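Predicted model, so just to flag it, every value in this text is computed and none were measured. In what follows, every chain begins at residue 1, and chains take the letters A, B, ... in the order their sequences are listed.
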There are 2 protein chains.
Amino acid sequence: MPYVMVQIPKPPADEPLAPRSVPTSADVARLAGVSRATVSYVLNNADAVRISEPTRRRVREAARELGYVPHAAARSLRAGRSRTVLMPAPSFPAGPLYSRFLSELQWALGRLDYTVVQYGTAGAHGDEAARAWAELRPVAVLVPGSGLGPQGVEILKRSGARAVFTLGPEAVEGAHALLMDHEIVGHRAARHLYGRGRRGIGVVVPAEDGLGIFSTPRLEGVRRAVRGTDATVTELPLAYDERDAARVAARWGSLGLDAVFAYNDEYAMLLMRALQDAGTDVPGDTAVIGADDLMLGRLLRPRLSTVHLELPSGRDLAALVDRAVNDPGAAPERHEVLGAAVVHREST
Amino acid sequence: MPYVMVQIPKPPADEPLAPRSVPTSADVARLAGVSRATVSYVLNNADAVRISEPTRRRVREAARELGYVPHAAARSLRAGRSRTVLMPAPSFPAGPLYSRFLSELQWALGRLDYTVVQYGTAGAHGDEAARAWAELRPVAVLVPGSGLGPQGVEILKRSGARAVFTLGPEAVEGAHALLMDHEIVGHRAARHLYGRGRRGIGVVVPAEDGLGIFSTPRLEGVRRAVRGTDATVTELPLAYDERDAARVAARWGSLGLDAVFAYNDEYAMLLMRALQDAGTDVPGDTAVIGADDLMLGRLLRPRLSTVHLELPSGRDLAALVDRAVNDPGAAPERHEVLGAAVVHREST
């Protein structure tokens, strides 16, 4: 049987070897009275290789007796190809919609026999991060947010990644782009408010870190929607707490606004309550609209109008990743994946 | 220089080799005019080995030119020990509190130079799942929820895991236990309601899948809190939608209840709104208490009473994992990690 001989340097002295008690495929081979290659073929289900059923059984029994399981890293080294899909953790706090989307995607990739590795963001940025990711030799990488440049894509591809995807506002050279343009969310909200006769439009911009990737394009979408009309757009920084909402509500009369797009439903609920407590009638004096279509918005009085967001299904996206992995030479694809539609209730 | 010779079987014919374009350490060695071992020592920062600075520089430049990065899997095979902490994705839908806890923990482990691998749950259960996890040769495993048994712990340890932790209601033989006993949540809520003079206590049990791991002990905690008193406990199945809440609210009068512990704040907000819409006064006729202390509960009128939960900080837990990895022979530890305290507002 053919062997590839590989020289592996001995670990430095300060690195402990694997504890003696961890069984190896050599132990299994010894107990079963077969070669290590046979152990590997049997346990990795290489059906193409002709090995008799009694021998297969003997190997499996020896493995069970010793508590041996194959080593995925060794297997991927041998196969020259991993099934690891790496997803760096997003640099922004993930809301419920996005969290659900991510876990659906992980589940769907798992069904296609990929192992999803989530990588913490601690520390590294840009190309440095790409190098750290490349060390894990992923077969595909999905990068949420911005930050990865064409060089980072190149590093990943050189290390064997067969597909790199970005999930964010812009396409990056060499990578497939799942475009999530949040401008559309602000645009839809503003067109709705304008259509309801509102002309002084406030836009909540969260004071919390890391949300600029969403709030900046949402604000820009509002601006674009009313450009060239008689409507004005006023930026309203707001922290997610009652005190700050009361501060904004207290000076509401001086702002000359009759409508507000409040970034999302949580900020909208917070601000609407503060406005009501300060004597502002919603929607009489001021129309309020959020985004995300949380169930809780329907429990308020007036019921909260919102922008419903549509993300692609985890299953569709997993299929897209799988297709790209199987055709690494294909030209980068671009997909607009964010849909948005106003749900008109009572607050506008 | 000493070598360990390792025989690695050739991959079966139907498994593609790594694409020719992926640079290997052999390519770097050739370009730099040094041995592969030297490349390995330089790029893995083995400072103990005496290699001249010009040689180090030549290796680094060759690696940069070729776009080569070391292979983490190969490195962990050589070192006999990985820095991978494996966390299977929980089998229950993670709420905002738990999601924040997990991402904090991942971040903190990343700071300690561990690579956190989240593993999707698709398919495997019990020992089968443990075997799949073991293939990744994690140095530590953190298993949320229940499902891992003593055999699974043994499989993980035999494959080289130096520490196995469970996060859940019960300790498992051989593993460190981070005990999260949700009985305390129901117990605290019920003691509060009883102390406010309520005797007919309803307990919401979500109809949604996967929440039994929390709702069953919370219900049991309520039962335990009022055992031997004149209070009654009534189980109230409830789906997280307005129609089902209206159904429960419509027959409220016939249930003989003057209080409800509504599982968490979201179910509490849903049910309180439905009760109010059906003409039930809160807290006059019925006191309502949730759990989780969401900010949104403060925006309702009356303001929602709740049970505030405390999970351990990600930093403390990461330090605990690190300590256990460095002392694999230590006896399994048990830590009660869930704290709970009533926040009394207006709804009770």
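Not a single donor-acceptor pair under 3.5 Å links the side chain of Arg273(B) to the backbone N or O of Leu300(A).
The parts of Met269(B) that come within reach of chain A are both its backbone and its side chain, each placing non-hydrogen atoms under 4.5 angstrom from that chain.
More than 12 heavy atoms of other shown residues, nucleotides or ligands fall within 6.0 angstrom of atom CD in Glu104(B). Within 6.0 Å of CZ in Arg298(B) there are more than 12 heavy atoms belonging to other residues, nucleotides or ligands.
Taking 4.5 Å as the limit, every side-chain heavy atom of Met295(A) sits out of range of all side-chain heavy atoms of Asp241(B). Residues Arg301(A) and Asp277(B) form a side-chain contact, since some pair of their non-hydrogen atoms from C-beta on lies under 4.5 Å apart.
Once rounded to the nearest 0.5 Å, the distance linking CG of Leu299(B) with CG of Leu299(A) reads 12.0 Å.
Annotation: maximal heavy-atom pairing with chain B below 4.5 Å, among Arg131(A), Glu242(A), Met272(A), Glu154(A), occurs at Glu242(A).
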